[in-house]
Asks: 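Attaching a single structure in structure tokens format; questions to follow.
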Amino acid sequence: MKIQFLIATIFCLTYTLNCSAQVRENIYYFKNSGAKVDNVDSADYVRVVKAPEEGATLYDVAEYYKSEKVKFTGKSAKVEPLVYEGLCISYYPNGKKKKLSTIKPGTETATPISILRTEKYTCTEGMLTEIC
């Protein structure tokens, strides 16, 4: 009888520890216009919002292009609506950084990206833009 109780206790503890180690995340699908869609097939990009790590208060936010390359990374104080705080980075579809922003609640300060000037790109007011 004691052995069965011991096995049941070990099983319950293992199950509880395994469940608490899982990271909660919400996945949303969007068109480029910003409109939410119901499935990945009609989406232009995907947003993943992960719950704050233990001791943290900000959610991790990442967006991905259909090509699975990163579109955006940052942190938010809320899930809906997103309230960005801290360092946020936007990326071009080719994976190169587009914009670095340091955001304090209610403000946004763009930080220029250090790049070599080429015939294709220019850096103005923190925005890396492709010259057409």
Side-chain angles (χ1 to χ4, degrees):
M1 186 78 160
K2 286 186 179 182
I3 194 89
Q4 290 174 337
F5 178 74
L6 182 61
I7 291 172
T9 303
I10 291 172
F11 175 77
C12 288
L13 285 174
T14 304
Y15 180 76
T16 303
L17 290 174
N18 186 34
C19 289
S20 67
Q22 294 177 357
V23 176
R24 292 173 304 166
E25 64 183 30
N26 296 327
I27 300 174
Y28 306 94
Y29 307 108
F30 290 91
K31 299 298 276 177
N32 284 331
S33 66
K36 275 188 185 179
V37 293
D38 293 331
N39 60 54
V40 70
D41 294 332
S42 41
D44 293 321
Y45 66 94
V46 176
R47 177 180 296 154
V48 179
V49 182
K50 291 185 181 177
E53 294 180 14
E54 189 174 325
T57 58
L58 298 176
Y59 293 85
D60 289 319
V61 179
E63 294 177 351
Y64 299 92
Y65 291 105
K66 274 191 153 183
S67 65
E68 297 182 7
K69 288 191 177 187
V70 69
K71 180 181 190 315
F72 174 86
T73 59
K75 296 199 178 275
S76 175
K78 295 165 62 174
V79 174
E80 283 195 42
L82 293 175
V83 179
Y84 294 114
E85 288 187 30
L87 179 64
C88 294
I89 306 172
S90 297
Y91 297 86
Y92 285 108
N94 65 6
K96 300 216 181 225
K97 290 181 182 172
K98 179 178 183 180
K99 179 181 177 185
L100 297 173
S101 301
T102 304
I103 302 175
K104 296 176 183 171
T107 65
E108 177 179 345
T109 306
T111 305
I113 300 170
S114 298
I115 62 162
L116 295 172
R117 278 186 71 94
T118 67
E119 293 179 12
K120 285 188 156 191
Y121 296 98
T122 184
C123 187
T124 312
E125 298 178 17
M127 289 288 290
L128 183 63
T129 14
E130 188 168 0
I131 301 171
C132 300

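This structure is a prediction, so every number in the text was calculated from the model and none was measured. Below, each value reflects all heavy atoms present in this structure, side chains not excepted, and no hydrogens, waters or symmetry copies.
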Asks: Look at the side chain of Thr102 and the backbone N and O of Gly86, then say whether any donor-acceptor pair between them is shorter than 3.5 Å.
Replies: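 No; judged by distance alone, with no hydrogens or angles, the pair does not exist.
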Asks: Report the distance from atom NZ of Lys96 to atom NZ of Lys69, rounding to the nearest 0.5 Å.
Replies: 9.5 Å
Asks: Nearest heavy-atom pair of Ala77 and Tyr59: which atoms, and what distance?
Replies: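 Looking at all heavy atoms of both residues, the shortest contact is O-CE1, 3.7 Å.
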Asks: Would a hydrophobic clustering, with Ile, Leu, Val, Met, Phe, Trp and Tyr connected at side-chain separations under 4.5 Å, put Val83 with Leu87?
Replies: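 No; tracing contacts between hydrophobic side chains, which count when under 4.5 Å, never links both residues.
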Asks: Rounded to the nearest 0.5 Å, what separation is found between the CZ atom of Phe30 and the CG atom of Asp44?
Replies: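 So the CZ of Phe30 and the CG of Asp44 are separated by 11.5 Å.
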Asks: Heavy-atom count around Asn39 CG within 6.0 Å, excluding the residue itself: above 12?
Replies: yes
Asks: Which value, rounded to the nearest 0.5 Å, describes the distance between Tyr28 atom OH and Leu82 atom CG?
Replies: 8.0 Å
Asks: Can you tell me how far CD of Glu80 sits from NZ of Lys78, rounded to the nearest 0.5 angstrom?
Replies: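 If I round to the nearest 0.5 Å, the distance is 10.0 Å.
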Asks: Spell out, yes or no, whether Val46 and Val70 are grouped together once hydrophobic residues are joined by side-chain heavy atoms under 4.5 Å, including indirect joins.
Replies: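 Yes, because Val46 and Val70 connect within a single hydrophobic cluster, where side-chain heavy atoms sit under 4.5 Å apart.
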Asks: Would you kindly confirm whether Tyr65 and Ile27 end up in one hydrophobic cluster when ILVMFWY residues are joined by side chain heavy atoms under 4.5 Å apart?
Replies: no
Asks: Indicate the atoms forming the closest heavy-atom contact of Tyr64 with Ala62, along with that distance.
Replies: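 Residues Tyr64 and Ala62, closest heavy atoms: OH-CB, 3.6 Å.
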Asks: Are any side-chain N or O atoms of Lys99 and backbone N or O atoms of Cys88, one a donor and one an acceptor, separated by less than 3.5 Å?
Replies: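 Side chain of Lys99 to backbone of Cys88: no pair is present.
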Asks: side-chain contact (heavy atoms from CB on, under 4.5 Å) between Lys75 and Asp60: does it pass, once the steps are laid out?
Replies: CA-CA 5 Å; Lys75 296 199 178 275; Asp60 289 319; 2.3 Å; yes
Asks: Heavy atoms only: give me the nearest Ser67-Pro93 pair and the separation to one decimal.
Replies: OG-O, 4.5 Å
Asks: I need the Ser76 OG to Glu85 CD distance, nearest 0.5 Å.
Replies: 7.5 Å
Asks: Quick one: are Thr73 and Tyr91 in side-chain contact, heavy atoms under 4.5 Å?
Replies: yes
Asks: Flag yes if Val49 and Tyr45 sit in one hydrophobic cluster, no otherwise; membership is Ile, Leu, Val, Met, Phe, Trp, Tyr, and two members link when side-chain heavy atoms are under 4.5 Å apart.
Replies: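 Yes.
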Asks: Return the minimal non-hydrogen interatomic distance between Tyr29 and Ala43, and the atom names on each side.
Replies: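 So the minimum-distance heavy-atom pair works out to CB-CB, 3.6 Å.
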